[in-house]
Protein chains: 2
Amino acid sequence: MKQSAVTIKDLAKELGISPSTVSRALKDHPDISPETKRLVNALAEKLDYEPNTIAMSLRSKRTNTIGVIIPEIVHFFFSTVISGIEEVAYKKGYTVMFCQSNEDYEKEVIDTKALLAHRVDGLLISYSKETTNFDHFREIQRKNIPLVFFDRVPTDELHCSTITINDFESAESAVDHLVIENHLRIAHLAGPQNLNISKQRLAGYKRGIEKHKLYFEEGYVQYCGKGDFEEGYRCTNELLKLSERPNAIFANNDVAAYGAMKAIKDAGLKIPEDIAIMGFSNWQFASLTEPQLTSIAQPGIEMGKAAARRLILELEAKDEDLPPVDQVLKTDIIVRGSTRSTQK
Amino acid sequence: MKQSAVTIKDLAKELGISPSTVSRALKDHPDISPETKRLVNALAEKLDYEPNTIAMSLRSKRTNTIGVIIPEIVHFFFSTVISGIEEVAYKKGYTVMFCQSNEDYEKEVIDTKALLAHRVDGLLISYSKETTNFDHFREIQRKNIPLVFFDRVPTDELHCSTITINDFESAESAVDHLVIENHLRIAHLAGPQNLNISKQRLAGYKRGIEKHKLYFEEGYVQYCGKGDFEEGYRCTNELLKLSERPNAIFANNDVAAYGAMKAIKDAGLKIPEDIAIMGFSNWQFASLTEPQLTSIAQPGIEMGKAAARRLILELEAKDEDLPPVDQVLKTDIIVRGSTRSTQK
DNA sequence: ACCGAAACCGCAAACGTTTGCGGTGAAAAA
DNA sequence: TTTTTCACCGCAAACGTTTGCGGTTTCGGT
């Protein structure tokens, strides 16, 4: 069960010099003669010496590791974010430790404890739908370790950098799009309201309704808490019962949108002729369905990259505390068959 | 940038006793009096002492960390595997460090180096499509650190435990299913042949063809290397040119199957009446499309769990070397509209 | 011949734990 | 009273690095 086991001491003994000299030689310290450096490096190569990062961490108090907590990995958007995180972390010489909270508050606090125990240099977090208590985040800050939120971010009680998309404007322009396609009775399948993103999307939707002076009634906003397929199906059936039946549905996410699609098909209605559907996130399969789903593309990879870049920036600005920044990424409406009223 | 900073020494100084005593008291060592233990634990609680895992690792040579390398995270199947891994790792008190190779050989070897440098206790790997040289895996073994492969596993030159599904039988029963549904000219979109899984699926397909004495010609097997949507589309168009046009296509994976679906629709043919389609992996969206895709469900979560369980077993069987085991998980055919010839 | 400055290197402590071994005091046995 | 036996605790080394400080040479300059 031993690792490679060749240490600086071994090199030193072999060469009849001191460990300090070996250490310095390996890092090209000016105090060491070129000749010695040559010898040391040659031997290190030969015995394939590899520095013990654990020992280095113990001294330097840095692990070159960043911790990531996301609600769930089996989720198209989050998996793209992770991918982005991994990419820049790798390029900057960091490795990532990762946990999923499974949308469970308890697990989330245990995860943060675990990552702190493993002495990650910094943390990247998108918190669970359940999380309303932020004490575990405050604990992180108390220990002075950098923390960046992405996608699901707290309103600014914690002073952390955040990476988000412009949910409000995206939702608003979703309404714009539907109006252009001549759908004027637009309903919304809203997400969990303790998540800022859901609130913003709902708010953007309402803004769009007002801006265009569209018809609206209470029933047009259906709150589907979990936002899964079944909820989308159920909520859409509610919408179909309304006397002023909407002719477009803007869903908080793609999966709920597909629930809506099924409900509409089951009701014998046509998409988009009778009712148009629009999702949010542009999941991989949005282009594979029939009709294809119009959706709002969230730049997941970019978000991951931005979050990681920001965190590493804060990590490496040793002394001076950088003031937190809120970076907002742009989305794109991907127009497909589920809303296109006219010809292809 | 300091962590909580309270150490065993601090506790010792505060209580006027030695660090060794504190250490022992905290681990409930019999040499320490109940009274002292009480005092130590009380103070530890008060100052919220947390053991420095780095220091512990340095002594014990164990990090309680397992490394995972997968081809890509933005992939339904692999994300489910990771999810399973995380779940059991968490339960057993391990955290996971994770890298994606992006199907790139060079990145894969760099990743293994990085994980080894971070002194993970063991590794879980599914290698890239490009990988044909296994030296970096041998290096891991040389260092005597446990390694378990899953899904994409080497043929037994390395002596490692593996977790796979029964690709051969699954493919064979896919053919069985198609025959039952009365599709007797079955083509196959094959995957990259340096991957065992692809070879097995192809072999299982061929076995099915022979068993049922079905019509076959060379052109019925199309090799789509990358196995993505475009390849599936392209290869299917090749199939459509054949004089004895197949009336069923069994694809190596779901995405390719959707490429096939598009090609068939574009050709003005009906699914499954003219040509049935069957995928492999049962991606999330298989039930959301029109028609829904018949596919073979791989138990991703189970695979992840099994792999992690096996690795941890080997990790904790300190001395005696466990002989490698090959665990094969069962799949299920999920029958949907893309192959169902009859009613419903 | 002496001094000063380079150039090169080693000592030892430190990071926070763990642990073998030995030491103390007091109670029990002789 | 002396010895043995406990119960309890501290010393110090070790894990593999890094680094401030000081020590030896060697050499060019006066």
Side-chain angles (χ1 to χ4, degrees), chain A residues 1-41 43-44 47-65 116-121 143 318, chain B residues 1-41 43-44 47-65 116-121 143 318:
Chain A
M1 293 292 155
K2 298 286 162 46
Q3 299 271 105
S4 70
V6 29
T7 80
I8 275 194
K9 292 184 184 178
D10 298 331
L11 300 186
K13 201 167 299 172
E14 182 87 7
L15 293 172
I17 60 181
S18 82
S20 1
T21 303
V22 174
S23 172
R24 282 188 262 250
L26 289 173
K27 350 189 63 82
D28 205 28
H29 188 104
D31 266 10
I32 307 298
S33 75
E35 174 62 7
T36 316
K37 284 179 187 168
R38 213 182 43 72
L39 288 174
V40 170
N41 284 304
L43 187 64
L47 305 186
D48 73 20
Y49 161 77
E50 294 192 9
N52 184 322
T53 53
I54 302 290
M56 294 172 62
S57 294
L58 182 57
R59 266 213 120 234
S60 65
K61 298 184 174 310
R62 305 195 71 246
T63 56
N64 279 289
T65 298
L116 287 181
H118 275 274
R119 295 299 203 267
V120 295
D121 291 339
K143 299 193 176 183
K318 282 306 272 183
Chain B
M1 295 289 156
K2 298 285 161 46
Q3 299 272 104
S4 71
V6 31
T7 79
I8 274 193
K9 292 184 184 178
D10 298 331
L11 301 186
K13 200 167 301 173
E14 182 88 8
L15 293 172
I17 59 181
S18 82
S20 1
T21 303
V22 175
S23 173
R24 279 188 264 250
L26 289 172
K27 354 188 61 84
D28 205 27
H29 188 103
D31 266 11
I32 307 299
S33 76
E35 174 62 7
T36 315
K37 284 180 187 167
R38 211 182 44 72
L39 287 174
V40 170
N41 284 304
L43 187 63
L47 303 186
D48 73 20
Y49 162 77
E50 293 191 11
N52 185 322
T53 53
I54 302 290
M56 294 173 62
S57 294
L58 182 56
R59 268 214 119 231
S60 65
K61 297 184 175 312
R62 304 194 74 244
T63 56
N64 280 290
T65 297
L116 287 181
H118 276 273
R119 295 299 203 268
V120 294
D121 291 338
K143 299 193 175 183
K318 282 305 273 182

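Order of the sequence lines sets the chain letters (A, B, ...), proteins ahead of strands, with each chain counted from 1.
Here the shortest heavy-atom pairing between Y49(A) and L26(A) reads CE2-CD1, 3.7 Å.
Residues from residues 8-24 of chain B lying near DNA chain C, meaning a heavy-atom separation below 4.0 Å, are I8(B), K9(B), S20(B), S23(B), R24(B) in numerical order.
For R59(B), there are no salt bridge (charged side-chain N to carboxylate O under 4.0 Å, His left out) partners two or more places apart in sequence or in a different chain. Remark: K13(A) engages no residue in a side-chain contact (heavy atoms from CB on, under 4.5 Å) (not counting sequence neighbours). By the side-chain contact (heavy atoms from CB on, under 4.5 Å) test, D31(B) pairs with H29(B), sequence neighbours left out. For the side-chain contact (heavy atoms from CB on, under 4.5 Å) test, residues two or more places apart in sequence or in another chain that qualify with T65(B) are M97(A), H118(A), T63(B), T95(B), M97(B), V120(B). With sequence neighbours excluded, the residues forming a side-chain hydrogen bond (donor to acceptor under 3.5 Å, both in side chains) with T36(B) are S33(B), listed by chain and number. For S18(B), the side-chain hydrogen bond (donor to acceptor under 3.5 Å, both in side chains) partners at least two apart in sequence or on another chain are S20(B), T21(B).
Base pairing in DNA chain D gives the following stems of 3 or more Watson-Crick or G-U pairs, range against range and under 3.5 Å: C:5-27 with D:4-26.
Here the P atom of nucleotide dC8(D) and the CZ atom of R38(B) are 14 Å apart, to the nearest Å.
Note that CZ of R24(A) and NZ of K37(A) are 11.5 Å apart. Values are rounded to the nearest 0.5 Å. Between L43(A) atom CG and I17(A) atom CD1 the span is 9.0 Å, to the nearest 0.5 Å.
Among the protein residues, T36(B) comes within range of the sugar-phosphate backbone only, with heavy atoms under 4.0 Å from sugar or phosphate atoms but none that close to a base. Residue N52(A) is classed as a sugar-phosphate contact, given heavy-atom separations below 4.0 Å to backbone atoms only.
DNA chain C is contacted by both K27(B) and D31(A); D31(A) maps to the nucleotide lying nearer its 5′ end (nearest heavy atom per residue).
Bounding nucleotides for the chain A contact on DNA chain C, 5' to 3', at a heavy-atom distance below 4.0 Å, are dC8(C) to dG16(C).
Using a 4.5 Å heavy-atom threshold, the side chains of D10(A) and E14(A) count as separate.
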